[in-house]
Amino acid sequence: MRILDSHCVFGRWPQEPRDVSLEALLESLRKTGAERGVAVSLRGVFYDHDEGNAETLRACREHPEIVPAATILPAAYSGVEDLPARLAREGFRMVRLFPDVQNWALENVVVERILAECAGAGLPVAIPVGKRAGVASAAARLAPAGCRVLLSDVYYPVLAESLEALRRREDFCLEVTRTCMPFAVELLCRDVGASRLVFGSRSPLECGRGAVEMIDEAGISPEERAAVLGGSLSMLLGGI
Amino acid sequence: MVGRTAVERLLPGFEVVDVHAHIGRWGSPGGEGSADELRRITDRSGFAKVVVSSSLAIQYDAPEGNADVARLTEADGRFHGAVTYNAHYPAEAREQIERYAAHPRFVCAKNHPAHNRLPVDSPASLAVIELLAARRLPLVLHTWTGDGPAVAEVARRFPELAFVWFHALASDYREAAELARELPNVHLEYVTSTQERGKVEHLVRSLGSDRILFGTDQSLINPVYALGPLLEADLSDEDRRRMLSTNARRLFAFDKR
């Protein structure tokens, strides 16, 4: 079954001694059994989004298993240019935001602008929810109609809130990896449908194998399993 | 459920002992947290032994939750109990420990300082641990980032008592391994829903595989998900065997109780 990983990074991790090199990412994808991974350069997260996004494109040219995701730091976004439109033209398939690492709140008019411009450019936006109440709700309120948001890193304390956001917003989807409670995959497939669920591992920072096995053994149909492991992400990104 | 268990599929030839499981609910959508559900999940996982405490006991009412665990362990030989205590209620804590230390299916005590909002090194908590030390009843302890100095001090104070640091101090796992090297009475169980790559290898490299235990934190975490880091880790079969069952059997002596 085809496994596509929506949540990958590469570069350096300045906050801890971690090997998150491009080589580590490629090895990590192999261990998970993923055919392709949607990745962001951490240079763009920790230093400068223009330099990081350029690095991501270079990596993807050399390694076809990597699908380019861009990032935008709201604090550095003047908005005089429509950056998402340019990113889409350059071949990026998604934008991933990092409010937790970069220490900013979603309720920010610059973020609202970025979400609107991403919607206009046809780029899905991945937003990490973590364990923080209010993030999924804020995303549901702030994202303009047609803005496809991937709620990422959703831990159990905020699953109910994230599910409600998905019920209200048909253009939202959810990364299932962290929703690792027994029967969560079955519940999500029943509640919002497998076409809105994607696999994402946060490789190479984390292991993806457990999540793959969890999806594999879930009491869902083969079609649903194929969608969650890869089909839904491919559809979200317009085919990969 | 018809079909191969997770152990048969993923770890053929291994026995798996889960030292960290719960019955009860955790306030999120998903499973019902009942004893029957835990049995069904264990049918699917194929785990040989599961050490269970109650989320009701941890979060609200220790005696009521411990009684749920006792019923489960008496009904199904795969399950063994951890008696949960809340040191805010010293008389109740002593009574529960005395009662379940004498119960043949209970193998350890469980404390969750964060839920009780009572530090493990507080006088009230230390008084209960003194009783556990006298009883030689191992203490499985919820630990998290930042807890290292307090849990290490308590382990130093009671060298005759075996401790299992659940979650191995979470993101402070490197510190956990370093502290445990100096504390031969400390074992580490490393599960968290964040599955950091390299964590298992680091623990084994730093501490050796003799004092690392496998736990899932079910009914909060899917047991198959919890197996992931162990499956991906670059370890010998002997290391895996120790972590998955040998160490737990030695520590909890399931068959001697």
Side-chain angles (χ1 to χ4, degrees), chain A residues 8-9 13 15-20 24-25 27-33 128 130-131 133 153-164 166 176-188 190-192 201-219, chain B residues 1-11 21-23 25-34 37-38 40-46 55 171-174 190-202 216-234:
Chain A
C8 303
V9 295
W13 193 257
Q15 298 173 341
E16 275 186 311
R18 306 292 307 276
D19 179 6
V20 291
L25 169 58
E27 172 63 13
S28 179
L29 290 173
R30 275 192 290 274
K31 281 189 169 180
T32 306
K131 295 178 182 172
D153 264 340
V154 177
Y155 284 78
Y156 70 92
V158 291
L159 178 58
E161 182 189 345
S162 300
L163 268 173
E164 186 57 31
L166 261 72
V176 295
T177 312
R178 291 257 198 268
T179 55
C180 55
M181 302 81 73
F183 308 111
V185 177
E186 291 89 333
L187 167 84
L188 289 164
R190 241 184 358 253
D191 204 325
V192 298
S201 71
R202 205 167 169 246
S203 279
L205 284 162
E206 294 185 39
C207 308
R209 177 80 185 276
V212 168
E213 297 297 345
M214 173 179 75
I215 296 162
D216 203 40
E217 68 124 42
Chain B
M1 180 186 173
V2 179
R4 290 191 302 159
T5 65
V7 173
E8 287 167 339
R9 280 189 298 115
L10 304 171
L11 290 159
H22 306 285
I23 50 171
R25 298 180 181 183
W26 292 103
S28 62
E32 62 191 28
S34 67
E37 184 180 84
L38 182 56
R40 287 198 301 276
I41 292 173
T42 306
D43 291 343
R44 278 165 61 167
S45 67
S55 71
S171 62
D172 286 346
Y173 67 87
R174 293 179 188 85
Y190 57 83
V191 71
T192 54
S193 46
T194 303
Q195 299 192 320
E196 188 173 320
R197 185 176 297 281
K199 179 177 180 177
V200 175
E201 288 97 327
H202 178 87
T216 63
D217 212 355
Q218 58 175 322
S219 55
L220 188 58
I221 293 178
N222 185 316
V224 174
Y225 180 81
L227 281 172
L230 194 87
L231 295 171
E232 279 198 30
D234 187 14

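In the text below, chain A, chain B and the rest are named by the order of the sequence lines, each starting its count at 1. These figures come from a predicted structure and were not determined experimentally.
Using a 4.5 Å cut-off between heavy atoms, A:T179 makes no contact with chain B at all. For A:D216, the part sitting under 4.5 Å from any heavy atom of chain B is the side chain, from C-beta outward, and nothing else. Of the atoms belonging to B:L220, heavy atoms from both backbone and side chain fall under 4.5 Å from chain A. Of the two parts of A:S201, neither the backbone nor the side chain holds a non-hydrogen atom closer than 4.5 Å to a non-hydrogen atom of chain B. For a residue to count as touching a neighbouring chain, one of its non-hydrogen atoms must lie under 4.5 Å from one of that chain's; by this rule B:L230 does not touch chain A.
When the candidates A:A24, A:A184, A:P204, A:G219 are compared by the number of heavy-atom contacts under 4.5 Å with chain B, A:P204 comes out ahead. Heavy-atom pairs under 4.5 Å with chain B peak, among A:G208, A:G210, A:C207, at A:C207. Contact tally against chain A (heavy-atom pairs below 4.5 Å) for B:A233, B:G27, B:A226, B:S28: the top residue is B:S28. Ranked by non-hydrogen atom pairs under 4.5 Å with chain B, the options A:E16, A:R18, A:E186 are led by A:R18. If you tally non-hydrogen atom pairs under 4.5 Å between each of A:I215, A:D153, A:L187, A:L205 and chain B, the highest count goes to A:L205.
B:T216 meets the side chain to side chain donor-acceptor pair (under 3.5 Å) test with B:D18; sequence neighbours excluded.
Judged purely by atom type and a 3.5 angstrom limit, B:E232 has no side-chain atom pairing as donor or acceptor with the backbone of A:T32. Formation of a donor-acceptor pair under 3.5 Å by the B:Q195 side chain with backbone atoms of A:E206 is not found in this model.
The existence of a salt bridge linking B:R197 and A:E27 is excluded, since no basic side-chain nitrogen approaches an acidic carboxylate oxygen closer than 4.0 Å.
A distance of 9.5 Å separates CG of B:L227 from CZ of A:R209, quoted to the nearest 0.5 Å. In this structure, A:M181 CE and B:R25 CZ are separated by 13.5 Å, a value rounded to the nearest 0.5 Å.
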List the steps, then state whether side-chain contact (heavy atoms from CB on, under 4.5 Å) holds for A:E217 with B:Y225. CA-CA 10 Å; A:E217 68 124 42; B:Y225 180 81; over 6 Å; no
Take B:L10 and A:E213, measure what side-chain contact (heavy atoms from CB on, under 4.5 Å) needs, and give me the verdict at the end. CA-CA 9 Å; B:L10 304 171; A:E213 297 297 345; 3.3 Å; yes
Checking side chain to side chain donor-acceptor pair (under 3.5 Å) for the pair A:Y155/B:T194: CA distance, chi angles, key distance, verdict? CA-CA 9 Å; A:Y155 284 78; B:T194 303; 2.4 Å; yes
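Between B:S193 and A:C180, the shortest heavy-atom contact is CB-SG, 3.7 Å. B:I41 approaches A:P182 most closely through the heavy-atom pair CD1-CB, 3.7 Å. Residues A:Y156 and B:W26 come closest through the heavy atom pair CE1-O, 4.4 Å.
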